[in-house]
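Data first, discussion second: the structure below is written as structure tokens.
Atoms within each ligand, like the ligands themselves, are counted from 1 in listed order.
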Amino acid sequence: MRFSPRKKLVILVSGKGTNLDAIVHYLGKQNLSADIVGVISDRPDAYALSRAETYGLPCYVIDYATYAHPRNFQEDLSNRLQTLSPDLIVLAGFMRILSTEIVEHFYGKLINIHPSLLPKFRGLKTHERVLASGELQHGTTVHFVTPELDEGPIIAQCRLNLMPGETTESLKLRVQALEHQLYPVVIAWYVQERLKLTAQGVVFDDSLLSPQGYQYVPICYETEL
Ligand code: GRF
């Protein structure tokens, strides 16, 4: 039997870290062969860092605000990432666009979660734009990262139907609940070597996925029925 060493994960954060939380819990519950070898934040006050410290994870702050030039921030981030030498970099609410050099260096090892059903609603303020557009569905997408923002090959999506009286806040909470289910599962697929990026697209369990990715059906909790 082929021996696969434990996978090294690095998680990049800027905000609350609810996805980080979900990932840590899932890794532990599923006893996956992976370790979070670093949590990197671009801001020292990100609540995600407090969560990471509580879990005893190695934390690194590369404080964007202290850099005179973004190029130097990207260089320090790149150096830190190369030192940590991850098998997978997980963007979990990281609010900086990575340099092309970083994206190319870690091509196929870099994933992001975005709060919309890509390719619809790239960029920020997705919930507001979904409400204004009269869409009937919304959701979240996990994709490999390429140099073009929110355009990398889609791995998986999880969707919801808009409800009467939906607000930006209700959508945010409902989409995040989906993210907390979807992101850990996709990471587990990667750790189990079921997922890879090829020149043809995303391959999952030896089959090429459609451009919309795997359509993941969420577990419905009683409160959501
Ligand atoms: C998530 O909603 C994700 O879609 C977006 O940033 C948010 C991060 O939330 N990219 P958290 O910091 O994980 O709570």
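Annotation: Gly17 places an N or O atom under 3.5 Å from an N or O atom of ligand 1; distance criterion only. On a distance-only criterion, Asn112 and ligand 1 share no N/O pair closer than 3.5 Å.
Remark: ligand 1 atoms within the under-4.0 Å shell around heavy atoms of Glu179 are 1 (C), 2 (O), 3 (C), 4 (O). Numbered from 1 in the order shown, with element, the atoms of ligand 1 that lie under 4.0 Å from a heavy atom of Lys16 read 12 (O), 14 (O). Proximity to Pro115 (heavy-atom distance under 4.0 Å) selects the following atoms of ligand 1: 4 (O).
Using cut-offs of 30° and 60° for the angle between ring planes, the Trp189 and Phe204 rings count as tilted.
Contact analysis puts Ile113 in contact with ligand 1, with a non-hydrogen atom separation below 4.0 angstrom.
In this structure, the ring of His143 has its center no less than 6.0 angstrom from the ring center of His114.
Contacts between Gln176 and ligand 1, counted as non-hydrogen atom pairs separated by less than 4.0 Å, involve the side chain only.
What sits closest to atom 8 (C) of ligand 1 on the protein, heavy atoms only, is Gly93 CA, 3.5 Å. Protein heavy atom closest to atom 14 (O) of ligand 1, with residue, atom name and distance, is Thr18 OG1, 2.5 Å.
Counting heavy atoms from C-beta on, the side chains of Asn19 and Val90 never come closer than 4.5 Å.
Using modelled atom types, one finds no donor on one side chain facing an acceptor on the other under 3.5 Å when comparing Gln74 with Ser78.
Within a 6.0 Å radius of CD1 in Ile97, other residues, nucleotides and ligands contribute 12 heavy atoms or fewer.
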Practice problem: Determine, stepwise, if the pair Lys7 / Glu193 fulfils side chain to side chain contact (heavy atoms under 4.5 Å, CB included). | Solution: CA-CA 10 Å; Lys7 295 281 187 284; Glu193 299 181 359; 2.6 Å; yes
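Using a 4.0 Å cut-off between charged side-chain N and carboxylate O, Arg194 and Asp205 make a salt bridge.
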